Amino acid sequence: MRNTPSSDNIYPVGMGITAKVNPDLPLTIARYYQRIYYCSVVGQPDHKHFAYFERELVAPPQK
């Protein structure tokens with residue numbers, strides 16, 4: 001089972017989210033691997049991805 005994506009994530013890939021350290025920066029979850037969320041900056045596809053643990057992300061408000 002090595003190098004296979006995990007399925008224990010609570011945020012799906014493609015979801016818009018923010019990080020606690022910079023809540024004004026809109027992010028999109030690009031990948032989830034080994035309990036780490038790799039996020040891209042919205043509107044900046046060439047920007048490097050940021051890596052966050054679940055506890056470092058802010059869930060979007062429920063509608």
Side-chain angles (χ1 to χ4, degrees):
M1 290 276 200
R2 196 164 181 212
N3 294 330
T4 57
S6 302
S7 62
D8 60 346
N9 56 328
I10 62 168
Y11 304 123
V13 172
M15 180 180 190
I17 201 154
T18 58
K20 290 180 182 179
V21 294
N22 191 358
D24 295 329
L25 184 65
L27 302 170
T28 300
I29 297 174
R31 187 173 178 213
Y32 179 75
Y33 182 69
Q34 294 184 345
R35 298 192 177 179
I36 299 173
Y37 290 90
Y38 295 91
C39 302
S40 59
V41 178
V42 172
Q44 297 181 14
D46 295 333
H47 198 283
K48 68 174 185 153
H49 285 184
F50 294 105
Y52 296 104
F53 290 106
E54 187 176 291
R55 67 182 175 271
E56 298 173 309
L57 297 172
V58 178
Q62 298 276 330
K63 291 185 181 183

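Quick note: numbers below take in every heavy atom, side chains included, and nothing from hydrogens, waters or symmetry partners. In this text the structure is predicted, and so the values were computed from the model without any measurement.
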Linked, directly or transitively: Val42 and Val21 (ILVMFWY side chains, under 4.5 Å):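 Result: no, two separate clusters.
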Quick one: do Leu27 and Tyr37 satisfy side chain to side chain contact (heavy atoms under 4.5 Å, CB included)? Show the steps, please. CA-CA 11 Å; Leu27 302 170; Tyr37 290 90; over 6 Å; no
Non-hydrogen atoms of Ala51 and Glu56 that approach each other most closely: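 That closest heavy-atom pairing would be O-OE1, 4.4 Å.
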Work out which heavy atom in Cys39 is nearest to a heavy atom in Leu57; give both atom names and the distance.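 For Cys39 versus Leu57, the nearest heavy atoms are SG-CD2, 4.5 Å.
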Determine, stepwise, if the pair Tyr38 / Ile29 fulfils side chain to side chain contact (heavy atoms under 4.5 Å, CB included). CA-CA 6 Å; Tyr38 295 91; Ile29 297 174; over 6 Å; no
Applying side-chain contact (heavy atoms from CB on, under 4.5 Å), name anything that partners Val58, two or more places apart in sequence or on another chain.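 side-chain contact (heavy atoms from CB on, under 4.5 Å) check on Val58 returns Thr18, Lys20.
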Reported CG-to-CD distance for the pair Leu25 and Gln44, which is rounded to 0.5 angstrom: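 Result: 7.0 Å between the selected atoms.
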Just so I know, are the side chains of Asp8 and Arg35 near enough to count as touching, which here means a heavy-atom distance under 4.5 Å?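 The answer is yes; the side chains approach within 4.5 Å.
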Output all residues satisfying ring-ring contact (aromatic ring centres under 6.0 Å, His included) with Tyr52, sequence neighbours left out; order by chain, then residue number.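 Scan of Tyr52 (ring-ring contact (aromatic ring centres under 6.0 Å, His included), adjacent residues dropped) gives none.
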